[in-house]
There are 2 protein chains.
Amino acid sequence: MAQTPSPFRTAEQRSRDRQAKKLALMEAAVRMFNTRGFHASSLDDVAASLGVTKPTVYHYLGNKENVLLECLRFGLKQLLDAATHARAQTGVAAERLRSFLIVYTQVNMSDFGRCVIRTPDEALSEESREVLRGLKRQIHAEMRSLIAEGQADGSIACEDANLLAFTLAGALNWPARWYDESRGHPPEETARRLVDNLAAGFLPRSRPSNP
Amino acid sequence: MAQTPSPFRTAEQRSRDRQAKKLALMEAAVRMFNTRGFHASSLDDVAASLGVTKPTVYHYLGNKENVLLECLRFGLKQLLDAATHARAQTGVAAERLRSFLIVYTQVNMSDFGRCVIRTPDEALSEESREVLRGLKRQIHAEMRSLIAEGQADGSIACEDANLLAFTLAGALNWPARWYDESRGHPPEETARRLVDNLAAGFLPRSRPSNP
DNA sequence: AATAGATATTACTTGTTAGTATATGACAAT
DNA sequence: ATTGTCATATACTAACAAGTAATATCTATT
């Protein structure tokens, strides 16, 4: 089985290499976008941060807007996956919503999620904007529908599912701006506490809601 | 009293004129920043939108960064004013907090408030960033201290006043991104409903919290 | 009138960066 | 061996936008 390893890479290995390089470029880019903003980030600098030159970036990612677009898609996919994962769970809707929200928040605290939140639509061309709006709408719809299920099964109390979705999303997107992993509590714990605030509200409850 | 009006303006009138022009430039700028983003907005275009030229902008506002800075200060002042106004009211802390939050949200739905929320720190120089961080911290501190008062007088239930302030701020900053005055409910109503969501939480309450 | 100050313009310089044309070396398949 | 393809570099173009003279004009006071 364990033969002398060939110094030649198979087609599959090369394809994996390529993917890894592409992802490394995306990671370098997203970090720079997050620290400097999209317009203030030059592809020269992104490339240099990995010890290569700009045409290499173009080789793997086409053009600057596409670099951003792929980063955003990647982040949005993580958010959507969180939704489908929560959807597959058992329990009342409020519980499924909670577990979705906690993962949603953690994604927003990570590099690609941060980029999704921090990048305003205007940074993109009309075309790409439509694509992204579609994905964002999907995520919003998932959240809203979990809320609606909760209204139906009685585990969630609210007047307007759509507006509640905006309320929750806002509160849980914001860590993309303020959360600093290197100080304070770890991401999961912070995420959980934020969601608890939203679940309970800030007005005192006379008695526990689960009799 | 009502004499033939002099065609000559007094010093005071001229000073008011100057202020008005400066403000008009700031409004034009802030609207462009909000629609295109800071880096994608050229002062040539800002000036052109009022039928003047770029050096005019420099005459009134110095340089591009200062244009942004003045807009942000303006918006932040509105937020701080909302806090001091709420502070002066009577009633339990939860009530004062509510009324602060509602105004806070409405500011974030208006041009200058939008700009405060949508402009990420990185757009500015280290210097200006410090100034703004200071102002933002003030607002955050106001919110946190209203919450702490509520913990003390029993009108607010929460474990961590600081984290609750982030939760509320996030939810109520977000309308700067999604709210569209031209569709849906008017600003005050939307603001009130958002705050209600946060006050009540999404878990059902067995009975009203005000016995 | 004449001068000073405020307001605005035209025309320029300069720096930055997205994007491209072209060259080159390495490897793989034939 | 030869040919083609992938990965990368060097070196360039083109465009845009910030900021700066130098200058003209209007207004108000002496």
Side-chain angles (χ1 to χ4, degrees), chain A residues 5-26 28-29 32-33 35-71 119 122-125 127-128, chain B residues 5-26 28-29 32-33 35-71 119 122-125 127-128:
Chain A
S6 160
F8 301 97
R9 286 162 311 159
T10 66
E12 190 209 354
Q13 277 174 322
R14 273 179 295 132
S15 152
R16 249 207 303 275
D17 272 16
R18 193 186 159 82
Q19 266 311 107
K21 288 180 183 179
K22 182 172 166 178
L23 188 64
L25 285 168
M26 284 165 61
M32 190 164 298
F33 294 161
T35 55
R36 300 193 197 168
F38 178 67
H39 285 286
S41 301
S42 90
L43 292 187
D44 274 320
D45 290 348
V46 170
S49 77
L50 291 179
V52 294
T53 58
K54 190 168 50 171
T56 300
V57 180
Y58 279 84
H59 180 68
Y60 285 97
L61 289 157
N63 60 47
K64 192 182 181 186
E65 175 162 359
N66 194 56
V67 176
L68 178 58
L69 199 59
E70 296 245 22
C71 292
T119 304
E122 323 91 55
L124 295 139
S125 71
E127 255 185 338
S128 322
Chain B
S6 160
F8 300 97
R9 286 163 311 157
T10 66
E12 191 209 353
Q13 277 175 323
R14 273 180 293 132
S15 152
R16 249 208 302 276
D17 272 17
R18 193 186 160 83
Q19 267 311 106
K21 288 180 183 176
K22 183 172 166 179
L23 188 64
L25 285 169
M26 284 166 59
M32 191 164 296
F33 294 161
T35 55
R36 299 193 199 168
F38 178 67
H39 285 286
S41 300
S42 91
L43 292 187
D44 274 320
D45 290 348
V46 170
S49 78
L50 291 179
V52 294
T53 57
K54 187 169 51 171
T56 300
V57 180
Y58 279 83
H59 180 70
Y60 285 97
L61 289 156
N63 60 46
K64 193 182 180 185
E65 175 162 359
N66 194 55
V67 177
L68 177 58
L69 199 60
E70 296 245 22
C71 291
T119 303
E122 324 92 54
L124 295 139
S125 72
E127 257 184 338
S128 322

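Chain letters run A, B, ... following the sequence lines, proteins first and then strands; every chain starts at 1.
- Remark: side-chain polar atoms of N63(B) are paired, donor with acceptor, to backbone N or O of N66(B) under 3.5 angstrom.
- Between H39(B) and H39(A), the ring planes lie tilted relative to each other; the angle falls in the 30° to 60° range.
- Residues from residues 35-44 of chain B with heavy atoms under 4.0 angstrom of DNA chain C: there are none.
- Qualifying side-chain hydrogen bond (donor to acceptor under 3.5 Å, both in side chains) partners for D45(B), counting only residues two or more places apart in sequence or in other chains: R36(B).
- Just one of L68(B), T119(B), L124(B) meets the side-chain contact (heavy atoms from CB on, under 4.5 Å) condition when paired with F38(B); it is L68(B).
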Return a table of donor-acceptor pairs under 3.5 angstrom between the side chains of residues 52-62 of chain A and protein atoms on other chains or two or more places apart.
{"unit_1": "T56(A)", "atom_1": "OG1", "unit_2": "T53(A)", "atom_2": "O", "d": "3.4"}
{"unit_1": "H59(A)", "atom_1": "NE2", "unit_2": "R18(A)", "atom_2": "NH1", "d": "3.4"}

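- With rounding to the nearest 0.5 angstrom, the NZ atom of K64(B) is 6.0 Å from the CZ atom of F33(B).
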Write out a two-atom table: protein N or O, nucleotide N or O from nucleotides 9-12 of chain C, distance below 3.5 Å.
{"unit_1": "dT9(C)", "atom_1": "OP2", "unit_2": "T53(B)", "atom_2": "N", "d": "2.8"}
{"unit_1": "dT9(C)", "atom_1": "OP2", "unit_2": "T53(B)", "atom_2": "OG1", "d": "2.4"}
{"unit_1": "dT9(C)", "atom_1": "OP2", "unit_2": "T56(B)", "atom_2": "OG1", "d": "2.8"}
{"unit_1": "dT9(C)", "atom_1": "O5'", "unit_2": "T53(B)", "atom_2": "OG1", "d": "3.4"}

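- Atom P of nucleotide dA21(C) and atom OH of Y58(A) are separated by 13 Å, given to the nearest angstrom.
- Rounded to an integer number of Å, the gap from CG of D45(B) to P of dA17(D) is 7 Å.
- Here D17(A) contributes atom CG and K22(A) contributes atom NZ; the two are 14.5 Å apart, rounded to the nearest 0.5 Å.
- When rounded to the nearest whole Å, the span between CG of L61(B) and C1' of dT7(C) equals 14 Å.
- For E65(B), the side-chain hydrogen bond (donor to acceptor under 3.5 Å, both in side chains) partners at least two apart in sequence or on another chain are S125(B), S128(B).
- Residues S41(B) and G37(B) approach most closely at OG-O, 2.7 Å, considering heavy atoms.
- In this structure, N63(B) places its CG atom 14 Å from C1' of dA17(D), rounding to the nearest Å.
- When rounded to the nearest whole Å, the span between NZ of K64(A) and P of dT20(C) equals 14 Å.
- We find that CG of N66(B) is positioned 14 Å from C1' of dG19(D), with the value rounded to whole Å.
- Remark: P of dT10(D) and NE2 of H59(A) are 16 Å apart, rounded to the nearest angstrom.
- Among the nucleotides dT20(D), dA7(D), dA18(C), the one closest to the side chain of R18(A) is dA7(D).
- Rounded to whole Å, atom C1' of dA8(C) lies 14 Å from atom CG of L50(B).
- Nearest nucleotide to the Y60(B) side chain, out of dC6(D), dA8(C), dG19(D): dA8(C).
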